[in-house]
Amino acid sequence: MKTIREFEERLHKEIATGAIAGFTHLYAGQESIAVGVCENLTNDDYITSTHRGHGHCIAKGCDVIGMMKELYGRADGLCKGKGGSMHVADMDVGMLGANGIVGGGPPLATGAALAAKLDGKGEVAVSFGGDGSCNQGPVFEAMNIAAILKLPSIYVYENNRYSEHTHSSYVIASESIASRVEGFGIHTVKANGFDFFEVHEVMKELIAKAREGNGPCAVEFETTRFYGHFEGDPQNYRAPTELEDDRENNDCLKIFRSKVSEAGLLADEDLDNIDNEVLALIDDAVEQAQNSPAPTPDDVTTDVYVSY
Ligand SMILES: Cc1ncc(C[n+]2csc(CCOP(=O)(O)OP(=O)(O)O)c2C)c(N)n1
Ligand SMILES: [Mg+2]
């Protein structure tokens, strides 16, 4: 969670210098969801992600330095600098891709779940999606076929209140996302996404059920994003104290720290050591990314088609 937070906090600064090209959507504030989900998965399980995908990639095990290089568009980035923020992928760890198409992930995860079912080894596929993506038609088609075929797919909704600049209460025509998904006969849970332990427990049960062949399930997590929809968004659609309040009371890292400290699971010193290790890793990632080579003009025509 701390690695994701620092990756994003650092990007917030580096993007402002103009060093990173393209559109970037930061995941800070939502870390407990990516990590609480992916801690229950192995490299053989699949995830699909969104335009706000850095957290999902890191939680699934993508190399952080390779990711930073990718965002800088470098030739030795995780996708050779050809993907950038919205298209980070790493098949070796089951990360099937961040995705610029809102609602693009659930159909891909459903396909991966079909492959997993045919494989018969108990793998599952998880799609991450925002509140806005629940209004996309392909999402419903995917859920319907997953329910019909009893696929091991899990649809995770991160309801961070906004789709771009529009509040979810204004555009979601049902009591909740969860109640809508239930319409497909899919077992659905609503949970607190600010608390890593709650996310982890809820997902542990849902993923185990999917692995055992009980068909798809879904979960709607309440969460918040600490930055704008995209970097540069002035966020004048949010209430004046909303962000301060979230940083004070709904920060999943603060909640994690206070829970593990109160339970005597980790000492302050251990947590500080993790923080320092993460800061050093992110410093190293930025330095390496800044000093890595850019792709050459010849690289433009490679990786365009799959070679057989
Ligand atoms: C099919 C499609 N429609 C519209 C967009 C433009 N768009 C990009 S992000 C976004 C909002 C998505 O909101 P949500 O799903 O809640 O995710 P969040 O940004 O909150 O993480 C929209 C409408 C898009 N990328 N793809
Ligand atoms: Mg949203």
Side-chain angles (χ1 to χ4, degrees), residues 1-35 38 47 49-90 93 95 97-100 102 105 128 130 158 160 162 164-165 193 223-235 238 243 246-247 250-254 256 274-295:
M1 286 165 63
K2 185 67 181 175
T3 308
I4 298 169
R5 176 67 54 88
E6 285 310 321
F7 192 90
E8 301 298 61
E9 294 286 6
R10 186 65 185 266
L11 276 179
H12 179 67
K13 290 188 191 133
E14 298 300 328
I15 287 164
T17 69
I20 296 170
F23 237 39
T24 319
H25 311 81
L26 300 184
Y27 190 73
Q30 305 183 203
E31 296 88 346
S32 42
I33 301 178
V35 179
C38 291
I47 67 164
S49 174
T50 68
H51 54 287
R52 199 175 299 289
H54 309 157
H56 308 137
C57 297
I58 292 174
K60 193 67 173 63
C62 292
D63 177 58
V64 171
I65 294 174
M67 278 179 64
M68 192 62 87
K69 288 177 177 174
E70 184 59 33
L71 267 75
Y72 273 80
R74 302 307 190 201
D76 54 352
L78 201 54
C79 305
K80 303 185 195 170
K82 297 177 179 185
S85 169
M86 271 190 278
H87 300 281
V88 180
D90 185 356
V93 298
M95 167 56 197
N99 203 320
V102 172
F128 289 95
E158 301 183 64
N160 63 6
Y162 300 98
E164 292 203 354
H165 315 144
T223 185
T224 183
R225 57 167 155 78
F226 283 172
Y227 288 106
H229 171 61
F230 56 88
E231 280 302 276
D233 171 9
Q235 299 199 78
R238 293 182 97 158
L243 270 171
D246 276 337
R247 285 219 183 234
N250 291 328
D251 182 337
C252 57
L253 278 154
K254 278 189 190 164
F256 180 88
I274 294 172
D275 290 359
N276 291 333
E277 275 170 30
V278 167
L279 285 172
L281 170 69
I282 302 299
D283 274 348
D284 185 28
V286 171
E287 200 186 320
Q288 286 199 44
Q290 286 169 341
N291 295 319
S292 286

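Keep in mind the model is a prediction, meaning the values are calculated, not measured. Hydrogens, waters and symmetry mates are skipped; everything else that's a heavy atom, side chains included, is used.
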Does some side-chain heavy atom of [Y] sit less than 4.5 Å from a side-chain heavy atom of [X]?
X	Y	result
Asn160	Glu158	no
Cys57	Met67	yes
Gln290	Glu14	yes
Val35	Ile58	no
Asp246	Phe226	yes
Phe23	Met86	yes
Lys13	Val286	no
Leu281	Val278	no

Output the distance between atom [atom1] ([X]) and atom [atom2] ([Y]), rounded to the nearest 0.5 Å.
X	Y	atom1	atom2	result
Met1	Leu253	CE	CG	4.5 Å
Thr224	Asn250	OG1	CG	7.0 Å
Ile15	Ser85	CD1	OG	7.0 Å
Leu78	Glu70	CG	CD	6.5 Å
Arg74	Asn291	CZ	CG	8.5 Å
Leu11	Met68	CG	CE	5.0 Å

Check [X] against [Y] and note the closest heavy-atom contact, atom names and distance.
X	Y	answer
Ala289	Tyr72	CB-CD1, 3.5 Å
Thr50	Phe128	CG2-O, 3.3 Å
Ala34	Ala59	O-CB, 3.5 Å
Pro295	Gly73	CD-O, 3.1 Å
Ser32	Gly193	OG-O, 2.5 Å
Asn99	Gly105	ND2-N, 4.0 Å

Cation-pi check for Tyr227 against Arg247: NZ or CZ below 6.0 Å from the six-membered ring centre and within 45 degrees of the axis, yes or no?
yes
Which class fits the ring pair His54 and Phe7: parallel under 30°, tilted 30 to 60°, perpendicular over 60°?
perpendicular
Is the distance from the ring center of Tyr27 to that of His56 below 6.0 Å?
yes
Glu287 atom CD: more than 12 heavy-atom contacts under 6.0 Å:
no
Enclosure of Lys82 NZ (heavy-atom neighbours >12, cutoff 6.0 Å)
yes
Give the intermediate values and the outcome of side-chain contact (heavy atoms from CB on, under 4.5 Å) for residues Arg225 and Glu8.
CA-CA 11 Å; Arg225 57 167 155 78; Glu8 301 298 61; over 6 Å; no
I'd like to know if Arg10 pairs up with Asp283 as an ion pair, taking the criterion as any Lys NZ or Arg NE/NH1/NH2 lying under 4.0 Å from an Asp or Glu carboxylate oxygen.
yes
